[in-house]
Amino acid sequence: MKLYNTLTRSVEEIQPLHTPKVTMYTCGPTVYDYPHVGNWFTFIRYDVLVRTLAAVGLQPEWVMNITDVGHLVSDADEGEDKLEKGARREGKSAWDVAKFYGDYFVAGLSRVNISQPTHLPKATDHIQEQIDLVKQLEEKGFTYQISDGVYYDTAKFPRYADFARLDLDEQQAGARVEHNPEKRNATDFALWKFSPQGSQRDMEWDSPWGKGFPGWHLECSAMGMKYLGETMDIHAGGIDHLPVHHTNEIAQSEAVTGKPLSRHWMHTNHITVNGEKISKSLGNGITLEDIEQKGFSLTAFRLHVLESHYRSQSKFSWESLEAASNRLRDYQALADLRFQVVTADRQLTELDYEQYKQDIQAALSDDLNTPEALRIVSLIANERHDSIHHTEYDAFMEFLQYLDDVLGLKLLESSDITDDQKKLIARRQTARDNKDWAASDKIRGELSKQGLSVRDTAHGTIWYRS
RNA sequence: GGCGCCAUGGCGGAGUGGUUACGCAGAGGUCUGCAAAACCUUGUACACCGGUUCGAAUCCGGUUGGUGCCUCCA
């Protein structure tokens, strides 16, 4: 299994520390609002990685955090985090907001068929671990305290700029966010923020340094190391996390342990809608509900995600979602052939499903080349559209199961048509044998109303869902 | 201002130094009771300008355009 590693900027073989177990941490959502399609792109891509790891015989232990506190907003209203802001917007407490959107997110995972992570830890459930981490950093001399919080001194970590290959001197020039002038270095970041004086936050905790809340980089280090140990095999996140969040995670984790936080770093690229990044102000934050309201299935959306490579900046549009939806219908028709097995004397050319499976596995194992994997599936859908011969039934079923395991397109979730529908199809066949075209066409109309189309092939009538 | 990334046929989107990616959509045809499907044919795809090479869409340089990040963000 090869995967691009941001550490070395090259595609590398994944070699877990304790094969067959492979530990993986992915940066999850901040639960202050509905996730948009871009977020789901990323989460689905994590899922493809997990599924592929499992398919090549590894046993993934997957941690995805839920950030329910601590991210500062970019606006001038300093000291307030997104949860608090969301709470004020909705007239609820920050705790209520976090609960609502956290639950929504977890439910959404199964809606787009993302595997259940081994752990879904929340930042607010790990305050003590985060405080402990700050204490250790303090003992090792990496921290200093100013008026609004305890900060990490990035100058004490010489490798700070290496991971993201930052040019610290140059990039300060155009930074658009104002820094607290008390900070020693522009890149220094808060480990613990104090509650603003005279105001009560919904979310605040006591600490050795005063009442407040953890800085937002802290949770991933604390929870990652708690569940996966000091060095994990894979750490993944959105590409936006590379220069700041992950850079800071490495700084604060490795300063304490002296060991690499992760052996492999994966970054998923962002998508654009109408050529622009997704953002609230542009009003292009499409949600799963929007997709369903337009009549598309979330499985079609999932297929759309797989149609591009995770490292390229892909586009989302309703046109391409429709293309994916049509493509999925073809795949579904392929899967439905398992209900329409023929035992005709005439032998079909048997397909080498094992070979196809290996080809797909090879594509996915090569830095998650999902477009190539789908190319192969389409190849088979084009090849095997007439019938499945009973002699290849087992191999076919095994192949479909493999596809579902690795791509998660729910091809085996469809059920057979009803007995009544089967009788209709049989009656139509009889009518056709008698050249009673009027009766035959009438039955075809009835089936059509039930969402079934029929094709008359050399191997009999094949139905498919329209 | 700094650091990146990308430019592929109507749309989406892979890939490769010389061979049809693929998907969706379109056109013509064969077949079929009619359909549908399938099959065949078809659009002369790789931003522009140079360079390297026997040969580049694929490597190098430049130009143009787009886009992302620079402590909110998947």
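To find a chain, count down the sequence lines: A is the first, B the second, and so on, and within it residues start at 1.
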Check your understanding: Cut-off 3.5 Å, side chains only: do Asp68(A) and Tyr101(A) have a donor facing an acceptor?
Key -> no
Practice item. For Asp441(A), answer base if it contacts any base atom (sugar-phosphate contacts may also be present), sugar-phosphate if it contacts only those atoms, and nothing otherwise; contact means non-hydrogen atoms under 4.0 Å. Key: base
Exercise for review: Could you work out the separation of U42(B) and C48(B) based on their C1' atoms and round it to a whole Å?
Suggested key: 29 Å
Review point. Any side-chain N or O of Asn269(A) less than 4.0 Å from the OP1 or OP2 oxygen of C6(B)?
Key: no
Exercise for review: State whether the number of non-hydrogen atoms from other residues, nucleotides or ligands found under 6.0 Å of Lys442(A) atom NZ is greater than 12.
Suggested key: no
Review point. Contact class for His217(A) (heavy atom, under 4.0 Å): base, sugar-phosphate, or nothing?
Key: nothing
**Study point:** Between P of C24(B) and CD of Glu307(A), the distance in whole Å
**Key:** 9 Å
Point to revise | Interatomic distance where CG belongs to Leu379(A) and C1' belongs to A14(B) [whole Å] | key: 14 Å
Practice item. Please confirm whether Tyr25(A) and Tyr46(A) have ring centers closer than 6.0 angstrom. Key: no
Review point. Thr23(A) side chain to Leu228(A) main-chain N or O, any donor-acceptor pair under 3.5 Å?
Key: no
Check your understanding: When the distance from CG of Asp33(A) to P of C72(B) is rounded to whole Å, what number comes out?
Key -> 18 Å
Exercise for review: Classify the nucleic acid contact of Thr457(A) as base, sugar-phosphate or nothing, counting any heavy atom under 4.0 Å across all strands shown.
Suggested key: nothing
Revision key, fill the gap. Between CZ of Arg428(A) and P of U32(B) the distance, given in whole Å, is 16 Å
Practice item. Give a yes or no on whether a donor-acceptor pair under 3.5 Å exists between the nucleobase atoms of A36(B), that is its base, and the side chain of Arg444(A). Key: no
Review point. Across the strands shown, which category fits Ser312(A) at heavy-atom distances under 4.0 angstrom: base, sugar-phosphate, nothing?
Key: sugar-phosphate
Exercise for review: Taking all non-hydrogen atoms of both residues into account, name the closest pair between Trp209(A) and Glu138(A) and its distance.
Suggested key: NE1-OE2, 2.9 Å
Check your understanding: Can a side chain N or O of Lys315(A) be found less than 4.0 Å away from OP1 or OP2 on G13(B)?
Key -> yes
Exercise for review: Check whether more than 12 heavy atoms from other residues, nucleotides or ligands sit under 6.0 Å from atom CD of Glu383(A), and answer yes or no.
Suggested key: no
Check your understanding: Between U19(B) and G12(B), how far is it from one C1' atom to the other, in whole Å?
Key -> 24 Å
Point to revise | Distance-only donor-acceptor test (3.5 Å): side chain Asp456(A), base C34(B) | key: yes
Practice item. Measure from OH on Tyr25(A) to P on A74(B) and round the result to the nearest Å. Key: 12 Å
Check your understanding: With sugar-phosphate meaning primed atoms plus P, OP1 and OP2, does Arg432(A) contact a base, only sugar-phosphate, or nothing at under 4.0 Å between heavy atoms?
Key -> base
Exercise for review: Would you indicate, yes or no, if C73(B) has its OP1 or OP2 atom less than 4.0 angstrom from a side-chain nitrogen or oxygen of Asn39(A)?
Suggested key: no
**Study point:** Short side-chain N/O contact to G33(B) OP1/OP2 from Ser440(A), under 4.0 Å
**Key:** no
Review point. If you check every side-chain atom of His270(A), which of A74(B), G13(B), C24(B) has the closest atom?
Key: A74(B)
Check your understanding: Rounded to the nearest Å, what distance is computed from the NE2 atom of residue His309(A) to the P atom of nucleotide G12(B)?
Key -> 19 Å
Exercise for review: Indicate, with a heavy-atom threshold strictly under 4.0 Å, whether Ile271(A) touches base, sugar-phosphate, or nothing.
Suggested key: base
Check your understanding: Considering only the P atoms, how many Å lie between A7(B) and A57(B), rounded to the nearest integer?
Key -> 15 Å
Review point. When you compare G23(B) with G9(B), how far apart are their C1' atoms, in angstrom units rounded to a whole number?
Key: 14 Å
Review point. Counting any heavy atom closer than 4.0 Å, what does Ser378(A) reach on the DNA or RNA strands: base, sugar-phosphate only, or nothing?
Key: sugar-phosphate
Check your understanding: Is there a donor-acceptor contact under 3.5 Å from the side chain of Arg302(A) to the main chain of Ser297(A)?
Key -> no
Review point. Atom CZ of Arg45(A) to atom P of A74(B): distance rounded to whole Å?
Key: 15 Å
Exercise for review: Take atom C1' in U44(B) and the same atom in G10(B), then report the distance between them in whole Å.
Suggested key: 16 Å
Study note, to complete from the structure: Across every strand shown, the nucleotide meeting Watson-Crick or G-U wobble geometry with A21(B) (both distances under 3.5 Å) is none
Review point. Please give, in whole Å, the distance from A35(B) C1' to Arg455(A) CZ?
Key: 12 Å
Practice item. Rounded to whole angstrom, note down the C1' distance from C46(B) over to A14(B). Key: 12 Å
Exercise for review: For A37(B) versus C59(B), give the span between their P atoms, rounded off to a whole number of Å.
Suggested key: 40 Å
